[in-house]
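In what follows, residues are counted from 1 in the order of the sequence shown. Every number for a ligand or one of its atoms is a count from 1 in the order of the listing. In what follows, every heavy atom counts, from backbone to side chain, and hydrogens, waters and symmetry copies are set aside.
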Amino acid sequence: MQPWALVIFGGILLVSVGVVLWRVASRQAQARRIPSPLRIAPAPLAPAHPIEAPKPPRSTPLLPAIEIPFDEPDDEDVDVTKVGALDAPIVQALTNLIIVDPQAAEPEGAAKAPYLLVSAAAQTDRGLRRKKNEDSVLAMPEPRVYAVADGMGGYAGGEIASELAVRTLEHAFRTNEIFGSLHEGMEPAASQLAQAVQQANVAILETAHRDTQLMGMGTTVVACKFSPSARRLFVAHVGDSRLYRMRGGALVQLTKDHTLGEFGAAGPTAALLSRAVGIRPLMPIDVLYLAPEPSDRYLLCSDGLTKMVDDAQIAEAIVEGEDPSAIVALLIDKANASGGKDNITVVLISVLASS
Ligand code: CA
């Protein structure tokens with residue numbers, strides 16, 4: 001074969017191979033561009049069972065008043081604003097029962113023993129170092145409910161939380177609007193007291209939820225309620241505000257501070273609260289059963305007193321004093337004389353035989 005013929009034949013061969021390769025490559029590219037039917041997501045099918053839109057949570061499953069239709073504003077007995085404001089469910093309080101006096105766990109029995117009388121004095125003071133008073137106090141001569149709350153939280157949170165706590169307790173016992181079922185095996189009065197504290201918890205949480213500046217606010221609560229004969233005293237307690245009893249010249253702290261110290265923390269952290277009202281939907285509430293006796297004196301106070309005045313000085317003021325108001329004023333003076341570094345709140349209750 002002539003060399004020129006070889007060149008022509010080789011050129012034709014190269015062109016043919018090139019054309020074949022180009023066609024194969026372009027087919028492959030086309031195959032990549034067109035997705036296989038298997039790769040196409042199937043069109044969404046209607047579900048066999050229609051999915052229901054989530055229902056808004058019921059406001060208060062245990063709250064009988066919520067069952068009252070809101071479209072009946074003519075009923076003046078219905079506090080629609082209050083009921084409607086309760087967004088969080090009111091659930092039964094979590095309680096930790098502590099029988100201080102064994103006879104307090106027994107039924108009161110027939111009222112043969114003399115009924116006891118109760119007189120009380122209460123006072124709250126800003127102290128000397130704080131700009132505001134974040135403590136709140138409650139003294140209801142009837143139905144003999146007393147409470148101290150020591151609030152915390154930035155902005156105005158502390159004072160709002162403690163005030164909400166005592167206002168909720170006051171409202172609950174003035175109107176008997178105490179929601180939720182009674183605790184099984186617990187004295188009804190004790191169960192209601194714990195439930196009222198739980199209602200305060202919900203009120204604080206809701207208020208903080210509506211105003212982000214108040215988020216994280218909370219309060220201590222030490223609250224007590226006498227039975228009608230005053231031969232039983234029930235206490236609900238969360239935080240480090242305290243209840244003391246003076247009996248036979250001895251002052252005894254009956255509540256245990258709920259601080260990190262009880263879990264072994266040392267130094268400044270030991271004083272931090274391990275539980276408070278208004279922080280979480282549920283917190284354990286210590287419930288104490290007491291059996292008052294004539295001449296007992298019960299002291300409720302915030303830590304603004306106990307950080308400044310030691311137990312011996314408190315005992316001395318109570319033993320030497322007569323009038324509850326004078327003793328309360330003296331204790332506040334003593335706390336301020338020692339520096340008044342915190343808000344000071346004191347309630348003193350005297351128990352007397354009726355005849
Ligand atoms: Ca305090």
Side-chain angles (χ1 to χ4, degrees), residues 121-139 146-169 197 200-201 203-204 207-208 214-224 235-244 251 253-263 265 267-280 283 285-286 298-311 313-314 317 327-348:
Q123 195 177 330
T124 184
D125 189 272
R126 184 169 57 86
L128 302 176
R129 302 277 285 277
R130 293 280 169 93
K131 288 187 180 133
K132 303 179 285 191
N133 189 352
E134 298 188 325
D135 286 359
S136 294
V137 65
L138 175 68
Y146 306 90
V148 167
D150 176 354
M152 61 186 179
Y155 182 51
E159 54 195 311
I160 290 173
S162 71
E163 198 195 339
L164 267 174
V166 300
R167 270 185 18 210
T168 305
L169 290 172
V197 172
N201 190 54
I204 295 166
T207 305
L214 299 174
M215 271 175 74
M217 69 174 173
T219 185
T220 71
V221 169
V222 58
C224 67
V235 181
H237 165 241
V238 179
D240 66 354
S241 297
R242 295 179 178 173
L243 173 75
Y244 287 86
L251 186 73
Q253 182 185 335
L254 299 179
T255 50
K256 184 180 69 172
D257 294 347
H258 299 139
T259 59
L260 295 184
E262 69 173 316
F263 299 103
T269 14
L272 296 176
L273 293 183
S274 55
R275 36 178 141 147
V277 178
I279 305 292
R280 296 175 197 283
M283 74 277 144
I285 301 168
D286 282 4
Y298 293 90
L299 174 84
L300 290 84
C301 62
S302 62
D303 65 345
L305 175 71
T306 49
K307 280 189 296 197
M308 297 284 114
V309 184
D310 64 29
D311 288 4
Q313 288 178 289
I314 294 172
I327 296 169
V328 167
L330 176 65
L331 288 171
I332 286 176
D333 286 348
K334 279 177 180 279
N336 280 327
S338 305
K341 289 183 181 170
D342 199 357
N343 312 136
I344 311 145
T345 303
V346 181
V347 177
L348 187 74

* Evaluate side chain to side chain contact (heavy atoms under 4.5 Å, CB included) for Leu243 paired with His237, printing each intermediate quantity in order. => CA-CA 9 Å; Leu243 173 75; His237 165 241; over 6 Å; no

* Over 12 foreign heavy atoms within 6.0 Å of NZ, Lys341 ->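 No, NZ of Lys341 has 12 or fewer neighbouring heavy atoms, counting only those of other groups under 6.0 Å.
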
Does [X] put an N, O or S atom under 3.0 Å from the Ca ion (ligand 1)?
X      : answer
Asp342 : yes
Asp135 : no
Asp150 : yes

* Looking at Asp303, which of its N, O or S atoms is the nearest one to the Ca ion (ligand 1)? ->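 It is OD1, the N, O or S atom of Asp303 closest to the Ca ion (ligand 1).
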
* Assess the side chains of Thr345 and Thr124: does a donor N or O sit below 3.5 Å from an acceptor N or O? => yes

* **Residue of the set Asp342, Thr220, Asp135, Asn343 for which side-chain hydrogen bond (donor to acceptor under 3.5 Å, both in side chains) holds with Ser302** => Asp135

